[in-house]
Chemist: 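Please find one structure pasted underneath; my questions will follow.
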2 protein chains.
Amino acid sequence: MISARVHYACLAMLELASHPSGDTPVSLREISDRHGVPGPFLVQIFRSLRTAGWVQSVRGSQGGYRLLIRPSELSLLEIAEVVGYQESGNPGTGKSTAAELMLQEIWDEMSQASRNVLAGIQLSDLAQRHRNGEESMFYI
Amino acid sequence: MISARVHYACLAMLELASHPSGDTPVSLREISDRHGVPGPFLVQIFRSLRTAGWVQSVRGSQGGYRLLIRPSELSLLEIAEVVGYQESGNPGTGKSTAAELMLQEIWDEMSQASRNVLAGIQLSDLAQRHRNGEESMFYI
DNA sequence: TATAAACATGATCCATATAGTCAAGTATAG
DNA sequence: CTATACTTGACTATATGGATCATGTTTATA
């Protein structure tokens, strides 16, 4: 359902958001080591994050990435989408029986339901929850 | 998001549910022709539906399939699952950072949200909606 | 009883997307 | 000037889903 790409991307952004800003940037190596993320794969993901303008790359020794955007202004849905969440719409796009259209509406509704979950969680929520251990504090 | 398999399966069950019971069974050919469903693919799908015990096959000439279950007792989620909706769980199953577990919960919640949509629609709802043209009458 | 209509079963193929890799290059701290 | 680390672009491999084929079995009906 959720691709590894999206999973890693959110993990990475959370890592950046949890890092004291103004400090030395976070290297891919750190993220790659801390969680089991395959190194070169992270590179691909960060390319997308950088294109989106959310992170800044610092080249050279002691380089890495810094967060550019306020974590409260970025939802998980936005992150997921920028690394390729659900490019291709649902099936059946093209034919058209009454029955098929009806089903199509349902698939859309479904898709919307899951997107709403992601849309409702900001990166800042994630970071806060992370700091406070594992207590569930989204819907308070 | 929704596979063609699931789409076709729901379409097929709707077709059976819309057919006067006690009448001659519905042949795969009819379904295949009416909507653009590739013939031999339907065979695969009906194998699952039959194994689930929801349809009865009638072999020989004039054969086809009959619905065995009450449409009000079957949800779209059940149909989707029997033809292989979301066998494999979300990614990350195996590792375990605090951050990863936290994300995992979110993916699960997401998955649950979409499943709830399907779980909330019975085959009978679908059939009724189909009869009454295209008016939305799910949440009344 | 012969034949055509249909389902039954199992194997197989192909296209696409995703996960993951490689290599050559550039920038920068120390 | 060297090690570290990002940049870019191409590339491979594996799994999944979609779709097909071939062969066999059952049964209505002419």
Side-chain angles (χ1 to χ4, degrees), chain A residues 1-9 11-12 16 23-33 35-52 54-68 80 83-95, chain B residues 1-9 11-12 16 23-33 35-52 54-68 80 83-95:
Chain A
M1 169 138 231
I2 274 292
S3 69
R5 230 187 200 75
V6 170
H7 183 73
Y8 293 155
L11 208 47
L16 293 200
D23 207 13
T24 65
V26 181
S27 75
L28 292 195
R29 194 60 174 287
E30 290 180 63
I31 302 182
S32 169
D33 285 351
H35 316 91
V37 187
F41 197 23
L42 263 186
V43 174
Q44 279 188 18
I45 291 167
F46 268 85
R47 209 189 299 200
S48 304
L49 296 178
R50 200 172 62 84
T51 307
W54 299 332
V55 301
Q56 178 186 38
S57 71
V58 181
R59 296 172 72 143
S61 183
Q62 300 303 312
Y65 285 93
R66 266 206 198 87
L67 201 60
L68 281 187
V83 296
Y85 172 60
Q86 264 196 351
E87 321 266 340
S88 57
N90 298 352
T93 318
K95 313 158 193 175
Chain B
M1 168 139 233
I2 274 291
S3 69
R5 231 186 199 75
V6 170
H7 183 72
Y8 293 155
L11 209 46
L16 293 200
D23 208 13
T24 66
V26 181
S27 75
L28 293 194
R29 195 61 174 287
E30 290 180 64
I31 303 181
S32 170
D33 284 352
H35 318 90
V37 187
F41 196 22
L42 264 185
V43 175
Q44 279 187 18
I45 292 167
F46 267 85
R47 208 189 300 201
S48 305
L49 297 178
R50 199 172 62 85
T51 306
W54 300 331
V55 301
Q56 178 188 35
S57 71
V58 181
R59 295 173 74 142
S61 184
Q62 300 302 314
Y65 285 93
R66 267 206 197 86
L67 201 61
L68 280 187
V83 296
Y85 173 61
Q86 265 195 353
E87 319 267 338
S88 57
N90 296 353
T93 319
K95 312 156 191 175

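Please read these numbers as outputs of a predicted model, since none were measured by experiment. Labels below follow one simple rule: chain letters A, B, ... track the order of the sequence lines, proteins then strands, and each chain is numbered from 1.
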Chemist: Is there a side-chain contact between B/Ser3 and the phosphate of D/dT16, meaning an N or O under 4.0 Å from OP1 or OP2?
Modeler: no
Chemist: To the nearest Å, give me how far apart CG (B/Leu49) and C1' (C/dA8) are.
Modeler: 15 Å
Chemist: Please check if the side chain of A/Ser32 supplies one atom and the backbone of A/Pro38 the other of a donor-acceptor pair under 3.5 Å.
Modeler: no
Chemist: Is the closest side-chain heavy-atom distance between A/Tyr8 and A/Val37 below 4.5 Å?
Modeler: yes
Chemist: Could you check how far CZ of A/Arg50 sits from C1' of D/dA5, rounded to whole Å?
Modeler: 13 Å
Chemist: Could you tell me whether A/Gly64 contacts a base, only the sugar-phosphate backbone, or nothing, with contacts defined as non-hydrogen atoms closer than 4.0 Å?
Modeler: sugar-phosphate
Chemist: Please check the phosphate of C/dA5 (OP1 and OP2 only) for any side-chain N or O of B/Ser27 closer than 4.0 Å.
Modeler: no
Chemist: Among residues at least two apart in sequence or on other chains, which ones pass side-chain hydrogen bond (donor to acceptor under 3.5 Å, both in side chains) with B/Arg66?
Modeler: none
Chemist: With the side chain counted from C-beta on, respond yes when B/Leu28 and B/Phe41 share a heavy-atom pair under 4.5 Å apart, and no when they do not.
Modeler: no
Chemist: Let me know the distance between CZ of A/Arg5 and P of C/dA17, rounded to the nearest Å.
Modeler: 12 Å
Chemist: Tell me, with the steps shown, if B/Val26 and B/Tyr65 meet side chain to side chain contact (heavy atoms under 4.5 Å, CB included).
Modeler: CA-CA 5 Å; B/Val26 181; B/Tyr65 285 93; 5.5 Å; no
Chemist: Please figure out whether B/Val58 or A/Pro40 has its closest DNA chain C nucleotide nearer the 5' end.
Modeler: B/Val58
Chemist: Can you measure A/Ile45 atom CD1 to D/dT8 atom P for me and round it to whole angstrom units?
Modeler: 16 Å
Chemist: Rounding to an integer number of Å, can you tell me how far B/Leu42 CG sits from C/dA6 C1'?
Modeler: 13 Å
Chemist: What is the distance, to the nearest angstrom, from the CG atom on B/Leu28 to the P atom on C/dT9?
Modeler: 13 Å
Chemist: Roughly, in whole Å, what's the span from CE in A/Met1 to C1' in C/dA19?
Modeler: 19 Å
Chemist: With sugar-phosphate meaning primed atoms plus P, OP1 and OP2, does B/Tyr65 contact a base, only sugar-phosphate, or nothing at under 4.0 Å between heavy atoms?
Modeler: sugar-phosphate
Chemist: Decide yes or no for A/Ile2 and A/Tyr85: does some side-chain heavy atom of the first lie under 4.5 Å from some side-chain heavy atom of the second?
Modeler: yes
Chemist: To the nearest Å, how far apart are A/Glu30 CD and D/dT4 P?
Modeler: 15 Å
Chemist: From B/His7 NE2 over to B/Leu11 CG, what is the distance, rounded to the nearest 0.5 angstrom?
Modeler: 5.5 Å
Chemist: Would you sort out whether A/Arg5 and A/Gln44 count as a side-chain hydrogen bond (donor to acceptor under 3.5 Å, both in side chains), showing the intermediate values?
Modeler: CA-CA 9 Å; A/Arg5 230 187 200 75; A/Gln44 279 188 18; 2.7 Å; yes
Chemist: Using atom names, set out every protein N or O paired with an N or O of nucleotides 10-13 of chain C below 3.5 Å, distance rounded to 0.1 Å.
Modeler:
unit_1, atom_1, unit_2, atom_2, d
C/dG10, N7, B/Arg47, NH2, 3.0

Chemist: Any non-hydrogen side-chain atom of B/Phe46 less than 4.5 Å from a side-chain atom of B/Val55?
Modeler: yes
Chemist: Please list, for nucleotides 27-29 of chain D, all pairs of protein and nucleotide N/O atoms separated by less than 3.5 Å.
Modeler:
unit_1, atom_1, unit_2, atom_2, d
D/dT27, O2, B/Ser61, N, 3.4

